Protein chains: 2
Amino acid sequence: MHTLPHPERDEIRIAAVLHALADPVRLRIVRELARADGVSCGSMGLGVSPSTLTHHVRTLREAGVVRVQPRGTSRISSLRREDLDALYPGLLDGVLAAPR
Amino acid sequence: MHTLPHPERDEIRIAAVLHALADPVRLRIVRELARADGVSCGSMGLGVSPSTLTHHVRTLREAGVVRVQPRGTSRISSLRREDLDALYPGLLDGVLAAPR
DNA sequence: ATCGAAGTTCGAAGATCCTCGTAGTACGGT
DNA sequence: ACCGTACTACGAGGATCTTCGAACTTCGAT
């Protein structure tokens with residue numbers, strides 16, 4: 001139940017972040033977290049299988065976009081807003097402001 | 001010498017833009033254009049073959065990130081800053097500000 | 001009119017990615 | 001102790017992506 005591995009701020013790479021955001025499912029996860037942070041991604045009603053969801057959340061976590069904490073049998077995800085804003089000011093807001 | 005097909009502003013999709021930016025070569029192209037706009041990508045000294053370069057520039061163009069105009073035997077590329085800033089304010093600046 | 005330079009098109013090879021099902025682990029509650 | 005829930009690990013299939021070389025087109029210059 002140890003904490004999961006996350007990149008430090010100075011290990012985050014822009015290419016990995018962009019790649020993580022460049023998927024429809026992961027983008028919906030990020031949007032949802034921006035709306036209601038600190039939530040289990042399994043309860044978002046995305047239309048994918050549990051194993052697919054694990055893959056996407058891991059991609060976001062390893063890219064440094066989200067932080068994941070175990071709580072009971074669930075995993076609570078939250079946006080790494082401070083880190084992303086510090087590294088790429090405006091990026092996250094620009095993505096979230098996207099009409100499409 | 002027909003102009004090449006470009007998406008209108010309202011046809012640009014955030015997922016396509018992010019995917020276009022999520023490649024090291026294309027990111028270097030975008031950075032270079034941010035530094036010196038209206039330039040032929042062939043003269044950037046990226047270490048890829050001409051056909052690979054064509055592929056990347058087309059990806060950027062079709063995503064709506066760059067505008068490409070034929071001039072002589074060359075293709076002049078320029079960042080679609082206004083469109084991107086209007087759609088996703090802060091995104092491009094955030095990406096360009098990226099230390100890594 | 002011929003030549004070279006700049007780019008494109010068309011495969012093709014190899015890598016990466018997204019998705020899933022199956023099997024398994026970890027935790028909380030009865 | 002048992003069960004159900006939430007999630008993970010490990011493939012595998014199929015799609016997409018990146019890269020390239022070879023052959024071709026287009027344009028400007030000689």
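Excluded from the calculations below are hydrogen atoms, water molecules and symmetry mates; all remaining heavy atoms, backbone and side chain alike, are included. Every chain is numbered from 1 and lettered A, B, ... according to where its sequence line falls, protein lines coming before strand lines. Note that the coordinates shown come from a computational prediction; the quantities given were computed from them, not determined experimentally.
Here C/dT8 presents its P atom at 8 Å from CG of B/L53, a figure rounded to the nearest Å. C/dT16 atom P lies 14 Å from atom CD of A/E62, rounded to whole Å. What separates CG of A/L4 from P of D/dC7 is a distance of 12 Å, to the nearest Å. Taking atom CG of A/L27 as the reference point, atom P of C/dC17 lies 18 Å away to the nearest angstrom.
A/I76 and A/L79 fall into different hydrophobic clusters, where Ile, Leu, Val, Met, Phe, Trp and Tyr residues are linked whenever their side-chain heavy atoms come under 4.5 Å apart, directly or through other members. Linking ILVMFWY side-chain heavy atoms closer than 4.5 Å, directly or via other members, places A/V48 and A/L33 in a single hydrophobic cluster.
If you check D/dC20, D/dC7, C/dG7 against the side chain of A/T54, the one that comes closest is D/dC7.
Using a 4.5 Å heavy-atom threshold, the side chains of B/L91 and B/L84 count as separate. Side-chain atoms of A/V30 and A/L96, non-hydrogen and from C-beta on, do get closer than 4.5 Å to each other.
Contacts of A/R71 classified as side chain to side chain donor-acceptor pair (under 3.5 Å), with partners at least two apart in sequence or in another chain: none. Qualifying side chain to side chain contact (heavy atoms under 4.5 Å, CB included) partners for A/H55, counting only residues two or more places apart in sequence or in other chains: A/R26, A/R58, A/T59.
The 12-atom threshold is exceeded at CD of B/E11, counting heavy atoms of other residues, nucleotides or ligands nearer than 6.0 Å.
Between A/R75 and the options A/L4, A/T54, A/V57, A/V39, a side-chain contact (heavy atoms from CB on, under 4.5 Å) holds for only A/L4.
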Exercise for the section: Evaluate the salt bridge (Lys or Arg N to Asp or Glu O under 4.0 Å) criterion for residues A/R81 and A/D37: first the C-alpha distance (whole Å), next the side-chain angles of each, then the deciding distance (0.1 Å), finally the verdict. Expected result: CA-CA 10 Å; A/R81 258 196 177 282; A/D37 210 43; over 6 Å; no

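Nearest heavy-atom pair, A/C41 versus A/L53, reported as atom, atom and distance to 0.1 Å: O-CD2, 3.5 Å. Heavy-atom minimum distance, B/R9 versus B/L87: O-CD1, 3.5 Å. In plain terms, the two heavy atoms of B/H6 and B/V66 that are nearest each other are CD2-O, 3.6 Å. What you find for B/Y88 and B/I14 is that their closest heavy atoms are OH-N, 3.2 Å.
Contact annotation for B/V57: no contact, since no heavy-atom pair falls under 4.0 Å across all strands.
DNA chain D is contacted by A/S40, A/G42 of residues 33-46 of chain A, taking any non-hydrogen atom closer than 4.0 Å. Of all the residues in residues 71-79 of chain B, B/T73, B/S74, B/R75 reach under 4.0 Å from DNA chain C with at least one non-hydrogen atom.
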Polar-atom pairs under 3.5 Å, protein N or O versus N or O of nucleotides 13-18 of chain D: list them with distances, or write none.
{"unit_1": "D/dT18", "atom_1": "OP1", "unit_2": "B/R26", "atom_2": "NH2", "d": "2.9"}
{"unit_1": "D/dT18", "atom_1": "OP2", "unit_2": "B/R26", "atom_2": "NH1", "d": "3.3"}
{"unit_1": "D/dT18", "atom_1": "OP2", "unit_2": "B/H55", "atom_2": "NE2", "d": "3.2"}

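Each end of the helix from C/dA1-D/dT30 to C/dT30-D/dA1 gets its own axis, taken as the rotation carrying the C1' atoms of four end pairs onto the next four within a five-pair window, and the two axes meet at 20° to the nearest 10 degrees.
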